[in-house]
Amino acid sequence: MLVGMKEILVKARKEGYGVIAPTIKSMEEIKVSIDAAEKKNSAVILNFNITYDWVKRDEDLELAAYIARERAIRSTVPVCVNLDHGKDYECVMRAIKYGFGSVMIDASYKTFEENVEITKKVCETAHAAGLSVEAELGCVGMADPSFTILGKYTQTTETDPDVVVEFVKRTNVDFLAISIGNAHGPYAKDIVPHLNFELLQKIAAATPIPLVLHGGSGTGDENMGKACTMGICKINVATDLSKEGVKVALDALNKDEKHGRLDFIQNYNTGFQNKIEYYMDVFGSTGKAF
Ligand code: 13P
């Protein structure tokens, strides 16, 4: 069933678990993400990010949202279609027009006052259209500064817990993405980031709204499992899912060159789906669809 993000995340915050938001990079990833959610009886949030080529053009973004919505309507578990990292007011307005179920405005790299101003404006319009809004306070940078696929600045700034209440009050935002040691993209080999749980505790105590962790890949199962019991309700994951898809596809290719090649995309999708199911267990959303 197609739902808004509030339906999914308010329940998650109340019950203390996290819901995965996979970054979707093809039509098939829409299908396998929902298949994973149905198999695990979990909600899922489909993230679309316009820095990825397949939805860079407006008409492609509109089509992707349409397909995702139609697939979600036919699903037996709650599915939300979300715009990830909306870069400005106009970009978010287009997503609303195209039928997204929720939107993120990312003005995290701007000054506090600018972030408040743009987030407030987006919330006013999105709320009037019946949509909920995610914004980012503090700035989640890239794990590897040379890897800038998300188009984000490489710098990282931790969320200041002392301005959380003011930000939420002045913007009326529904969900808050925070920076507590997490980072986007692949980490250098064997590095597991240090999450600042003390900071997470302070932020969660300051606001009852659902919190979001970007850069879920490579963050460590134990770290993420713990964060999900402390107020993190949505975890964005991109890199780990693609990595697992590529691994499964290459393994099959190496085992059987002929069939491995024919089934390359199918095998990629299997790896992608398996990793989503794995993370649903880690984040605690398995069995919690309703
Ligand atoms: P990762 O690629 O690090 O999982 O980050 C994804 C993300 O946060 C998308 O918003």
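Position 1 is the first residue of the sequence; numbering continues from there. Whatever order the structure lists them in is the order used to number ligands and atoms, beginning at 1. Treat the numbers as computed from the prediction; the structure is a model and nothing was measured.
The distance from ligand 1 to the heavy atoms of His85 drops below 4.0 Å at these ligand atoms: 10 (O). Taking a cut-off of under 4.0 Å to the non-hydrogen atoms of Gly216, the atoms of ligand 1 that pass are 4 (O). Close approach to Ala238 involves these atoms of ligand 1, each under 4.0 Å from a residue heavy atom: 1 (P), 2 (O), 4 (O), 6 (C). Taking every heavy atom of Ser217 and a limit of under 4.0 angstrom, the matching atoms of ligand 1 come to 1 (P), 2 (O), 3 (O), 4 (O). Of all atoms in ligand 1, listed by their number and element, those nearer than 4.0 Å to a heavy atom of Thr239 are 1 (P), 2 (O), 3 (O), 4 (O).
Remark: distances from the non-hydrogen atoms of Asp84 to ligand 1 include one below 4.0 Å.
There is a side-chain donor-acceptor pair under 3.5 Å between Asp240 and Tyr279.
Annotation: His214 places an N or O atom under 3.5 Å from an N or O atom of ligand 1; distance criterion only. Geometrically, ligand 1 and Val237 share no nitrogen or oxygen pair separated by less than 3.5 Å.
Between Lys56 and Asp60 no salt bridge is recorded (no basic side-chain N to carboxylate O distance below 4.0 Å).
Atom OG1 of residue Thr119 and atom CD of residue Glu134 lie 10.5 Å apart, to the nearest 0.5 angstrom.
Other residues sharing a hydrophobic cluster with Phe290 under the 4.5 Å side-chain heavy-atom criterion for ILVMFWY residues are Met1, Val3, Met5, Ile8, Leu9, Tyr17, Val19, Ile45, Phe175, Val212.
Pairs of residues two or more places apart, or lying in two chains, that qualify as salt bridge (charged side-chain N to carboxylate O under 4.0 Å, His left out) and include a residue from residues 280-290 are Lys40-Asp281.
Val192 and Val140 are members of different hydrophobic clusters when ILVMFWY side chains are connected at heavy-atom separations under 4.5 Å.
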